[in-house]
There are 2 protein chains.
Amino acid sequence: METARGLRKTLHDRGMRMTPQRQLVLDAVRSLEHATPEQICQRVQETAPTVNITTIYRTLDLLDRLGLVRHTHLGHGAPSYSVDDHQHVHLVCHVCGSIQEIPCELLDPLVGTLRERDGFELDASHLALSGTCRDCLTQEQETE
Amino acid sequence: METARGLRKTLHDRGMRMTPQRQLVLDAVRSLEHATPEQICQRVQETAPTVNITTIYRTLDLLDRLGLVRHTHLGHGAPSYSVDDHQHVHLVCHVCGSIQEIPCELLDPLVGTLRERDGFELDASHLALSGTCRDCLTQEQETE
DNA sequence: TTATGTGCAAACTATTTGCTCGTCT
DNA sequence: AGACGAGCAAATAGTTTGCACATAA
């Protein structure tokens with residue numbers, strides 16, 4: 001797999017080693033999409049039950065710094081990890097907690113505005129937007 | 001103060017009581033702007049040293065449900081509380097951690113788009129946008 | 001005199017750190 | 001041998017819960 005190759009090379013270039021744990025964590029992030037460290041740990045432990053959650057945290061941090069995965073804070077609890085090429089914006093409903101995904105391109109106008117106005121380079125692939133989803137809006141109206 | 005009045009009435013209408021603790025927490029949120037529960041606790045304890053952090057959490061939760069304050073997750077650690085009328089969008093730099101504020105109106109086009117496209121009512125006053133700030137961008141370019 | 005609010009201790013969740021030991025080179 | 005990585009236990013940060021006591025209505 002090229003993932004394994006790519007990771008191995010990236011690590012080697014920095015004097016780091018490829019390990020089964022690192023491969024398993026990357027695979028888990030890839031296949032789960034939007035998983036918490038806890039969920040990733042469970043997935044990894046299906047294959048290698050002795051892997052410790054500490055290793056999960058350390059590996060996620062490493063992969064994040066290498067740019068292979070990214071994390072988003074979708075509200076309260078634990079952050080959510082995805083592989084870097086899985087890009088979209090999250091719409092988080094603060095009423096029911098549901099999450100929808102929308103394409104990043106919808107934010108292009110805003111990205112342009114912020115770049116010009118504030119010199120701020122918005123990273124749309126990192127994003128969680130909070131609000132009220134259609135279903136919860138409908139229910140609100142029915143209550144009135 | 002009308003804050004005190006307003007809070008007292010809101011509480012009374014629901015069979016709840018106005019207490020010094022609640023007033024102090026609301027005052028602290030108001031004067032600190034973007035404070036964590038921990039920071040709010042410290043501020044309150046300058047006046048009333050025996051107030052427990054538990055009370056801070058319970059009161060913030062109450063004020064949040066009453067709509068008098070709101071909280072935002074600006075990245076990792078603890079959430080950040082502000083009074084409800086202090087509305088703006090946060091630009092969080094994921095490199096240096098700095099926070100800028102911009103007016104909510106800049107998001108109006110996006111709010112419209114999401115309303116039409118997804119029936120999602122984006123709450124722009126709740127928002128933290130992550131990216132790279134001007135200073136960090138400049139430094140990146142110098143390094144290259 | 002009862003509902004409401006507070007303080008205190010303990011539990012809990014998510015995460016980090018220190019240390020030892022194993023292993024690749 | 002020396003650097004790097006993993007496992008384990010303990011520490012830490014942030015938050016919640018249970019319970020007993022206090023107090024306003």
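Note that these values count all heavy atoms, side chains included, but never hydrogens, waters or copies made by symmetry.
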Expressed as a whole number of angstroms, how long is the span from [X]:[atom1] to [N]:[atom2]?
X	N	atom1	atom2	value
B:Met18	C:dT6	CE	C1'	16 Å
B:Leu66	C:dG5	CG	P	11 Å
B:Arg14	C:dG5	CZ	P	12 Å

Notebook entry, point to check: If you find the nucleotide of DNA chain D closest to A:Thr59 and the one closest to B:Ala78, which residue's nucleotide is nearer the 5' end?
Noted result: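 It is A:Thr59, whose closest nucleotide lies nearer the 5' terminus.
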Margin query: Here's a test of your reading of the structure: between B:Gly77 and A:Pro20, which maps to the more 5' nucleotide of DNA chain D?
Written below: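 The answer here is A:Pro20.
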Verify, without hydrogens or angle tests, whether [X] (side chain) and [Y] (backbone) share a donor-acceptor contact under 3.5 angstrom.
X	Y	value
B:Gln45	B:Val51	yes
B:Thr10	B:Gly6	yes
B:Gln39	B:Thr36	yes
A:Arg22	A:Arg17	yes

Check: Using a heavy-atom cut-off of 4.0 Å to chain B, what are the terminal contacting nucleotides of DNA chain D, in 5' to 3' order?
Finding: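 Nucleotide range in contact with chain B: D:dG14 to D:dA24.
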Notebook entry, point to check: Hey, mind stepping through B:Asp123 and B:Arg70 against salt bridge (Lys or Arg N to Asp or Glu O under 4.0 Å) and telling me if it holds?
Noted result: CA-CA 11 Å; B:Asp123 180 359; B:Arg70 20 177 92 250; 3.2 Å; yes
Notebook entry, point to check: With a 6.0 Å cut-off on ring centres, are A:His88 and A:His34 close enough?
Noted result: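 For A:His88 and A:His34, the ring centres are under 6.0 Å apart.
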Checklist line | Check: B:His94 ring centroid to A:His71 ring centroid under 6.0 Å | finding: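 Here the rings of A:His71 and B:His94 have centres that are no less than 6.0 Å from each other.
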Next item on the list: Say whether B:Leu66 and B:Tyr57 are linked into one hydrophobic cluster, either directly or through other cluster members, by side-chain heavy-atom distances under 4.5 angstrom.
Entry: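 Different clusters.
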Check: Are A:Leu129 and A:Val111 linked, directly or through other ILVMFWY residues, by side chains that come within less than 4.5 angstrom of each other?
Finding: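 Yes; tracing contacts between hydrophobic side chains, which count when under 4.5 Å, links both residues.
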Next item on the list: Going 5' to 3' through nucleotides 19-25 of chain C, assign each nucleotide B (protein heavy atom under 4.0 Å from a base atom), S (under 4.0 Å only from sugar-phosphate atoms) or - (no protein heavy atom that close).
Entry: ----BB-
Notebook entry, point to check: Does any non-hydrogen side-chain atom of B:Leu114 lie less than 4.5 Å from one of A:Ile102?
Noted result: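 SC-SC contact between A:Ile102 and B:Leu114 confirmed.
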Margin query: Tell me whether the side-chain N/O atoms of A:Tyr57 come closer than 4.0 Å to OP1 or OP2 in C:dT15.
Written below: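 Yes.
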Notebook entry, point to check: Which ones in residues 35-56 of chain A lie close to DNA chain D, meaning a heavy atom under 4.0 Å from one of its atoms?
Noted result: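 By residue number: A:Thr50, A:Val51, A:Asn52, A:Thr54, A:Thr55.
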Margin query: Could you go through B:Asp135 and B:Gln139, starting from their C-alpha distance and side-chain angles, then the distance that decides it, and tell me whether this counts as side chain to side chain donor-acceptor pair (under 3.5 Å)?
Written below: CA-CA 6 Å; B:Asp135 295 350; B:Gln139 286 186 10; over 6 Å; no
